[in-house]
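Report on the following structure.
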Amino acid sequence: MLNTISECIPYREDNAPVIGMIMATLSGEFDKKLKEEVQARYRKMFDSFIEQKIINKKSLFFASCYGENEVIDACDKMTTNRVDGIIYHSLTWPAAETVTTLATYRYLKDIPILVSASPEVFSEKKNKPHIWPLNSDCGKIFANSIFYKLRRPTLWATGLPEDETYQRKLLDFFTVSQQ
């Protein structure tokens, strides 16, 4: 984590943005244990941002959204909590219905979206081909393409939660979410 993260925050603690983070996945495919490990790393980062009051304690983390109904449920909860920004992180190639549901959900149409992806994450199994794609950037590109076609502007970032560059992009997104 950033050592001077509090110096990077351009807003007061009581005005921290409410963020909804959706980790989209394909059910039953790829390396389940590896997906859970990656989800845990992002959850740890998300929780640390709440602890440090970088994001509001009303922020929501959805570990595995699969399909239209789960995204609708997440959108309902984000609407109730009045999120200021949404992070859409695909753990695998995202299903088009999850992206379009998020993009067209009427009460969140003006909320900024950060499309996030993980760089190469390897399992202990070093034999190729890995069951999980080595880079979810393809999912990020796919999601951005759909958001663009549906006229939803996005920001995007690729990185692991521990990377300072990735965290700085998140801080920039939190600032955009506050405006």
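Below, each value reflects all heavy atoms present in this structure, side chains not excepted, and no hydrogens, waters or symmetry copies. Count residues from 1 along the sequence. Here the structure is a predicted model, which is why all the values come from computation and not from measurement.
- Taken from CG in D163 to CE in M45, the straight-line distance is 10.5 Å, to the nearest 0.5 Å.
- Considering only residues two or more places apart in sequence or on other chains, F61 meets the ring-ring contact (aromatic ring centres under 6.0 Å, His included) condition with F46.
- Between L170 and I87, some side-chain heavy-atom pair lies under the 4.5 Å cut-off.
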**OP:** For the pair Y42 and S118, evaluate side-chain contact (heavy atoms from CB on, under 4.5 Å) and give the outcome as yes or no after the intermediate values.
**Re:** CA-CA 10 Å; Y42 281 92; S118 309; 3.2 Å; yes
Subject >> side-chain contact (heavy atoms from CB on, under 4.5 Å) assessment of D76 paired with I72 >> reply: CA-CA 6 Å; D76 288 342; I72 288 172; 4.0 Å; yes
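- No donor-acceptor pair closer than 3.5 Å links the side chain of N144 to the backbone N or O of I141.
- No donor-acceptor pair under 3.5 Å is formed between the side chain of E68 and the backbone N or O of T98.
- Applying side chain to side chain contact (heavy atoms under 4.5 Å, CB included) to I86 and the options V115, L114, I111 leaves one that passes, I111.
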Original post:
Could you walk me through whether K140 and T158 pass the side-chain hydrogen bond (donor to acceptor under 3.5 Å, both in side chains) check?
Top reply: CA-CA 8 Å; K140 180 180 77 173; T158 299; 2.6 Å; yes
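- In this structure, I19 and V83 approach most closely via the heavy-atom pair C-CG1, 4.1 Å.
- When all heavy atoms of S116 and H89 are compared, the pair lying nearest together is OG-ND1, 2.6 Å.
- The minimum heavy-atom distance between P112 and F173, with the atom names listed, is O-CZ, 3.5 Å.
- Although no hydrogens or angles enter the test, the distance criterion places no donor-acceptor pair under 3.5 Å between the side chain of E97 and the main chain of Y66.
- Between the CD atom in E51 and the NZ atom in K57 there is a gap of 13.5 Å [rounded to 0.5 Å].
- Formation of a donor-acceptor pair under 3.5 Å by the T79 side chain with backbone atoms of C75 is found in this model.
- Inter-residue side-chain proximity for L60 and M21 is flagged as unmet; no heavy-atom pair is nearer than 4.5 Å.
- Note on L150 and V71: same hydrophobic cluster, where clusters join Ile, Leu, Val, Met, Phe, Trp and Tyr whose side-chain heavy atoms are under 4.5 Å apart, directly or indirectly.
- In this pair, F174 and F49 present their aromatic rings perpendicular. The plane angle is above 60°, beyond the 30 to 60° band.
- Taking the side chain to side chain contact (heavy atoms under 4.5 Å, CB included) definition, one finds that K58 meets it with V18, N56, N81, sequence neighbours left out.
- To the nearest 0.5 Å, atom OG of residue S48 and atom CD1 of residue I54 are 6.5 Å apart.
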**OP:** Show your working on side-chain contact (heavy atoms from CB on, under 4.5 Å) between Y88 and T154 and close with a plain yes or no.
**Re:** CA-CA 10 Å; Y88 181 84; T154 62; over 6 Å; no
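- With sequence neighbours excluded, the residues forming a salt bridge (Lys or Arg N to Asp or Glu O under 4.0 Å) with R43 are D47, listed by chain and number.
- A side-chain donor-acceptor contact under 3.5 Å links R152 to the backbone of K109.
- Residue Y105 is not grouped with residue Y148 when hydrophobic side chains (ILVMFWY) are merged at heavy-atom distances under 4.5 angstrom, including chains of intermediate members.
- Contact detail for P17 and S59: the closest heavy-atom pair is O-OG, 3.7 Å.
- Closest approach of I22 to M78, counting heavy atoms only: CD1-CE, 3.6 Å.
- Of the charged side-chain nitrogens involved, at least one lies within less than 4.0 Å of a carboxylate oxygen, so that R168 and E164 count as a salt-bridged pair.
- Considering all non-hydrogen atoms of both residues, A63 and Q39 come closest at O-NE2, 2.6 Å.
- For the pair Q167 (side chain) and P161 (backbone), a donor-acceptor distance under 3.5 Å is present.
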Subject >> Stepwise side-chain contact (heavy atoms from CB on, under 4.5 Å) check, I146 with T100 >> reply: CA-CA 7 Å; I146 293 174; T100 52; 3.5 Å; yes
